[in-house]
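Right, one structure below, let's go through it.
Atoms within a ligand are numbered from 1 in the order they appear, just like the ligands themselves. Numbering of residues begins at 1 and proceeds along the displayed sequence. Excluded from the calculations below are hydrogen atoms, water molecules and symmetry mates; all remaining heavy atoms, backbone and side chain alike, are included.
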Amino acid sequence: MLSVTTVKALVLAGGYATRLRPLSCTRPKLLFPVAGKPILEWTMEKLSRNSFDEAIIAVNYMADAIKNHFGDEFRGVKIRYSDEPKPLGTGGPIKNAEQLLNTGETFLTMNGDILSDIDIGQMVGSHRKNKPVATIAVRPVKDPSRFGVVEIDERMQIKRFVEKPNRRESQSNLINAGLYLMEPQIFDYIPSGRKVVIEREVFPNLAKQGKLSAFKIGGTWFDVGKIEDYRAANSAMLDVVCRTGAKIEKSVRKGSGVVVSSPSFIGRDSVIGSDSIVGPYVSVGEAVAIGEGSRIVDSIVFDHVTIGKSSLVQGAILGEETRVGANAIIGAGSIVGSHAAIHDNVKLSRNVAVCPYKEVEESILQPAYVM
Ligand code: GDD
Ligand code: MG
């Protein structure tokens, strides 16, 4: 699609995801499940559907988890990993992958934490027409202050790029959507051997020189930066996955009287005890055991979780291999880190975050971070 030779994409998949703690303490954010599959798998599917030959995944924090999950191929897309001994930011990884990318062809670079339904083919058409060093996908948002903000002219040239500006610095509501088509000349603009935040060191200068174009996108788009973004992305993708009703994998076992309300996803080998109610807006991972008479609503449950009888999980996230006892309540905004245990009859009322491997034996009735 990009050319007649190899079509390559670089996916930025490093960084510590501190705003997603405690879940990111034990798992890189790109492996967080969204409506039944990890964020990065949604991206890899898109690359496969668009006939990319090769994806280079730039990794550092918890690189092995990503490598073990994907190996060296995903549905026809060859995967290579570009390792960073220490995090190189968002530009450093591009320079670091120069040898792997440099076929003299246009390539796609993506922030790995973006979920979108962008039409890559149309973006390529626009890039070919405008011939900049890079084309940036842009979209309007209500609050641009958390993003890179762009100002464009009528020919879609980016006149100004300001990363995370305050209100006074930019009036535009168009933001960098985290997807770029780049020409090999981009390597000349990125210093090597150190951390480079491309949005601060490179894009503003390229914009001044008239070498950046914009491609406007609409539709579904999420940047999974904070817990609220993660929950919103999961709900939106559940809507997509469950167009014809709840999606329940074949090997799931359900007791009598179980109700699964759409949109919800239940992963392989999970077991739901009699009279339990799951959904709407619930993602359940693999091999999860839910006891009799429990209720799970508007929540994300990672793999290998056990939930006892008559418990309520509402508006919460349970990390992998967590154990929730019987008669427990996990309330809105609460997050239980992987391998933690919430004992029988314990109530976490709301916004309680529990660190991995922690045992919680008594109720916590106000927002707290349990270390
Ligand atoms: N390999 C590597 N190394 N990847 C990294 C590193 C690193 O040191 N640091 C961050 N990343 C990856 C993250 O995993 C993420 O997929 C992507 O780079 C962007 O980093 P974020 O930390 O999520 O940045 P952001 O969301 O605050 O801002 C960026 O994305 C916005 C759009 O979602 C910027 O590009 C903004 O300009 C943009 O608007
Ligand atoms: Mg982000």
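The protein heavy-atom contact nearest to atom 22 (O) of ligand 1 is R19 NH2, 4.6 Å. Of the protein's non-hydrogen atoms, the one nearest atom 20 (O) of ligand 1 is T90 CG2, 4.2 Å. The shortest contact between atom 37 (O) of ligand 1 and any protein heavy atom is with E163 OE1, 2.7 Å. D223 OD2, 2.7 Å is the protein heavy atom nearest to atom 26 (O) of ligand 1. Looking at atom 18 (O) of ligand 1, its nearest protein heavy atom turns out to be L12 CB, 3.5 Å. For atom 1 (N) of ligand 1, the closest non-hydrogen atom of the protein is E84 OE2, 2.6 Å. For atom 39 (O) of ligand 1, the nearest protein heavy atom (residue, atom name, distance) is N176 O, 2.7 Å.
A salt bridge links R231 with D298: at least one charged nitrogen is closer than 4.0 Å to a carboxylate oxygen. In summary, R268 and E286 engage in a salt bridge, as defined by a charged side-chain N under 4.0 Å from a carboxylate O. Under 4.0 Å is where a charged nitrogen must lie from a carboxylate oxygen, and between D83 and K67 at least one such pair does. With respect to the salt-bridge test (charged N to carboxylate O, under 4.0 angstrom), the residues K8 and E105 do not qualify.
Shown in contact with K29 at under 4.0 Å from a heavy atom are these atoms of ligand 1, numbered in order with element: 23 (O). Atoms of ligand 1 lying under 4.0 Å from at least one heavy atom of N60, given by number and element, are 1 (N), 2 (C), 3 (N), 7 (C), 8 (O). Proximity to Y180 (heavy-atom distance under 4.0 Å) selects the following atoms of ligand 1: 35 (O). Atoms of ligand 1 found under 4.0 Å from any heavy atom of G148, numbered from 1 in the order shown, are 36 (C), 37 (O), 38 (C), 39 (O). Of all atoms in ligand 1, numbered sequentially from 1 with element shown, those under 4.0 Å from a heavy atom of A58 are 1 (N). Distances below 4.0 Å separate heavy atoms of I114 from the following atoms of ligand 1: 33 (O). The distance from ligand 1 to the heavy atoms of W221 drops below 4.0 Å at these ligand atoms: 32 (C), 33 (O).
For S338 and E321, the side-chain atoms include no donor-acceptor pair closer than 3.5 Å. Between the side chains of E199 and T90, a donor-acceptor pair is found at a separation under 3.5 Å. Side-chain polar atoms of E362 and H343 form no donor-acceptor pair below 3.5 angstrom.
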Inset, instruction - Please step through side-chain contact (heavy atoms from CB on, under 4.5 Å) for the pair V224 and L20, ending with a clear verdict. - result: CA-CA 9 Å; V224 182; L20 291 169; 4.2 Å; yes
Legend entry - Check against ring-ring contact (aromatic ring centres under 6.0 Å, His included), F147 and W221: CA-CA 13 Å; F147 300 103; W221 183 86; 5.7 Å; yes
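Of the angles at the Mg ion (ligand 2), the one spanning OD2 of D113 and OD2 of D223 is 110° when given to 10°.
Using a 30° and 60° split on the angle between ring planes, Y230 and F302 fall in the perpendicular class, above 60°. Relative ring orientation between H339 and Y357 is described as parallel, the plane-to-plane angle staying below 30° on a 0-90° scale split at 30° and 60°.
By heavy-atom distance, the residue among K164, E199, R146 lying nearest atom 27 (O) of ligand 1 is K164. For atom 21 (P) of ligand 1, the nearest non-hydrogen atom from the set I198, N111, D113 belongs to D113. Selection from A137, S116, G89 by nearest heavy atom to atom 8 (O) of ligand 1 gives G89. Closest heavy-atom approach to atom 14 (O) of ligand 1 among the candidates P144, G15, G112, G14: G14.
Considering backbone and side-chain atoms together, P87 places no N or O closer than 3.5 Å to any N or O of ligand 1. Residue contacts with ligand 1: A177 is placed with no nitrogen or oxygen under 3.5 Å of a nitrogen or oxygen of the ligand (distance criterion only).
Hydrophobic clustering of Ile, Leu, Val, Met, Phe, Trp and Tyr side chains at less than 4.5 Å, counting indirect connections, unites I158 with M182.
The neighbour count for K37 NZ, taken as heavy atoms of other residues, nucleotides or ligands under 6.0 Å away, is above 12.
At a 4.0 Å cut-off, not a single heavy atom of G225 sits close enough to ligand 1 to count as contact. Look at F222 and you'll find every heavy atom at least 4.0 Å from all atoms of ligand 1. Taking 4.0 Å as the cut-off, K86 does not count as a neighbour of ligand 1 on heavy-atom distance.
In summary, of the residues considered (I266, V252, I307, I272), a side chain to side chain contact (heavy atoms under 4.5 Å, CB included) with V284 occurs for I266 alone.
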